[in-house]
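Order of appearance sets the numbers: ligands from 1, and atoms from 1 within every ligand.
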Amino acid sequence: MPPPEKPRTAAEALVDQLIVNGVGHVFCVPGESYLAVLDAFHDRALEVTVCRQEGGAAMMAEAVGKATGRPGICFVTRGPGATNASAGIHIAQQDSTPMIMFVGLVTRDVKDREALQELDLRAVFGSMTKWTAEIDDPARVPEIVSRAFYTATSGRPGPVVLGLPEDMLTERTAAPNAPAFEPVETFPGAPEMNRLAELLAQAERPLAVLGGSRWSVEACAAVTRFAEHFALPVATSYRRLPLFDPLHACYAGDLGIGPNPKLVARIKNADLLLLIGGRMGELPSQAYTLIDIPAPQMRLVHVHPGAEELGRLYRPHLAIHAAPTTFAAAAEALQPTRSPAWRHQTAQAHADYLAWTEVPTPQPGAVNLGAIMVWLRENLPPDAIVCNGAGNYAAWIHRFYRFRRFATHIAPTAASMGYGMPSAVAMQRLHPQRPVVCLNGDGDFLMNGQEFATAIMYQLPIVVIIADNGIYGTIRMHQERDYPGRVSATSLTNPDFAAYARAFGGFGTTVERTADFGDAFQAARASRKPSIIHVKIDPEAITPGATLSKIREQALAKT
Ligand SMILES: Cc1ncc(C[n+]2csc(CCOP(=O)(O)OP(=O)(O)O)c2C)c(N)n1
Ligand SMILES: [Mg+2]
């Protein structure tokens, strides 16, 4: 691209470089440290979402990265802004999500005086990003922004943080735009794929677990055909549910929190395990109890785009250094040499999944969250996007909802609370026509509930469901298990969340019986406003399988 006639400011060059790289949306909380960037937004074709707290802005950018595979972008100010945003950066790291956060900094002439809100970005973000740097020279804006796109997306994706000294942003530069980045692919080689075919030919009880990032609609379709050719049972890793159609005959279930014990047993007993894309971290590995470390008890094939992840925990029998996209394309070309002898096991695995998820378990109290999930799975269209944060309420989503399409579940594998509301805003900004449903706990919602105001500002018809049990339920559950009867710092006093919605200008309603949920949901959708459905849950209904009292009694019986 030829250089523009009048030299641009560094801020203008920066925003142009984002546009060159296909960025359509940015999320921000403004700061005086990057006024020149705000000015560059003024007459450029970018959708800017102004947020209420930088934690929300960062989680929105992370959600865009998660849903699209391309870096989500946010802009925040120095000290208080960047530190507020850090939760979103940490999620991007743990979830392997491409994201770039730009931070307005103090002017270069006062650096290291501990000037107002000065922050040592490298020291603060160095351990939770793939790369943290500062742009000191306007002429290097295209170079450094280009590198940020490559770094955030290549290998194992993750976050990049770039600091922008305020005075640098207003200087002018004749530097031309760098060409748009192109994702760097790693392909499995023929020797690896031949070895995989041999391992499959020798296997008796194989199983695949899909996880990680760098998937696509096409990759999911290709891996489905691979599974069909080999009648392979396929599980999805924690919060990677939409990678495989749950109603497909090869689907073996979700390996999240509180998984089907039959699935856990099936994985432990597999003689060939294919980990495709994921790291098999603490949650899906059931606290590192599924696969022996460092030498797995079964033959392990680990497919991962990050070379440093292969052999990091589990010493693989076959390491395939490839992204799920390129691996799936190669895998679907493999053909079995004999009819897979484990066909009946795959059918049994799918039957076990259906039996585990078909009918909601009975619950104490007048509202059954499982029944609400079944209502949603029967009434939402397949392209609906469900967002959530962390809390025990999410166990019912994992177990009873069914994600039929790629990227329809946006939730943190890092299990961070407060993610649902901002990610729902991001998804509705990206997809104005698709239904976006945001599920929250009562604790969870108010960690970023201020972004309901952002939904109002952009008139986003998100339906927010708050499962209010009056407790930090997950922690109360752990407390009753480890310190039975000694309740401490886990109770909450909540507002009237329906009135909260109305106070912002949205639609609000309260549900106190399961049977009333459907009408409440339809009324929320019909309002076309950001909506909150305040669902009152009995705190006894702590997991789909056990009440709080039962957990306490079991713990007391052990002491
Ligand atoms: C940002 C953050 N802070 C704290 C935690 C620890 N934590 C995990 S779940 C949870 C309680 C969630 O409570 P709520 O949202 O009400 O959901 P519930 O478990 O009651 O369904 C807490 C405090 C966390 N995961 N993330
Ligand atoms: Mg709660």
Would you call Phe507 and Arg502 a side-chain contact if the rule is heavy atoms closer than 4.5 Å?
no
Quick check: Tyr500 with Phe445 (ring centres under 6.0 Å apart)?
yes
Is the closest side-chain heavy-atom distance between Ile542 and Ile471 below 4.5 Å?
yes
Would Tyr34 and Phe102 count as a close aromatic pair, with their ring centres under 6.0 Å?
no
What protein atoms of element N, O or S are positioned under 2.8 Å from the Mg ion (ligand 2)?
Asp442 OD1, Asn469 OD1, Ile471 O
Going by heavy atoms in the side chains, are His409 and Asn388 under 4.5 Å from each other?
yes
I want to check something: taking the side chain as every heavy atom from C-beta on, are Ile291 and Leu275 in contact at a cut-off of under 4.5 Å?
yes
Is the Trp375-Phe521 ring centre distance short of 6.0 angstrom?
yes
Centroid-centroid under 6.0 Å between His350 and Tyr251 rings:
no
Does any part of the side chain of Ile465, heavy atoms only, come nearer than 4.5 Å to the side chain of Val535, both counted from C-beta?
yes
Distances under 3.5 Å, N/O of ligand 1 against N/O of the protein: list each pair and its distance.
{"from": "ligand 1", "atom 1": "15 (O)", "to": "Gly443", "atom 2": "N", "distance (Å)": "3.4"}
{"from": "ligand 1", "atom 1": "15 (O)", "to": "Asp444", "atom 2": "N", "distance (Å)": "2.7"}
{"from": "ligand 1", "atom 1": "16 (O)", "to": "Asp442", "atom 2": "N", "distance (Å)": "3.4"}
{"from": "ligand 1", "atom 1": "16 (O)", "to": "Asp442", "atom 2": "OD1", "distance (Å)": "2.5"}
{"from": "ligand 1", "atom 1": "16 (O)", "to": "Gly443", "atom 2": "N", "distance (Å)": "2.9"}
{"from": "ligand 1", "atom 1": "16 (O)", "to": "Ile471", "atom 2": "O", "distance (Å)": "3.0"}
{"from": "ligand 1", "atom 1": "19 (O)", "to": "Asn392", "atom 2": "N", "distance (Å)": "2.7"}
{"from": "ligand 1", "atom 1": "19 (O)", "to": "Gly473", "atom 2": "N", "distance (Å)": "3.3"}
{"from": "ligand 1", "atom 1": "19 (O)", "to": "Thr474", "atom 2": "N", "distance (Å)": "2.9"}
{"from": "ligand 1", "atom 1": "19 (O)", "to": "Thr474", "atom 2": "OG1", "distance (Å)": "3.1"}
{"from": "ligand 1", "atom 1": "20 (O)", "to": "Asn469", "atom 2": "OD1", "distance (Å)": "3.2"}
{"from": "ligand 1", "atom 1": "20 (O)", "to": "Asn469", "atom 2": "ND2", "distance (Å)": "2.9"}
{"from": "ligand 1", "atom 1": "20 (O)", "to": "Ile471", "atom 2": "O", "distance (Å)": "3.0"}
{"from": "ligand 1", "atom 1": "20 (O)", "to": "Gly473", "atom 2": "N", "distance (Å)": "2.8"}
{"from": "ligand 1", "atom 1": "21 (O)", "to": "Asn392", "atom 2": "N", "distance (Å)": "3.3"}
{"from": "ligand 1", "atom 1": "21 (O)", "to": "Tyr393", "atom 2": "N", "distance (Å)": "3.0"}
{"from": "ligand 1", "atom 1": "25 (N)", "to": "Ala415", "atom 2": "O", "distance (Å)": "2.9"}
{"from": "ligand 1", "atom 1": "26 (N)", "to": "Met417", "atom 2": "N", "distance (Å)": "3.2"}

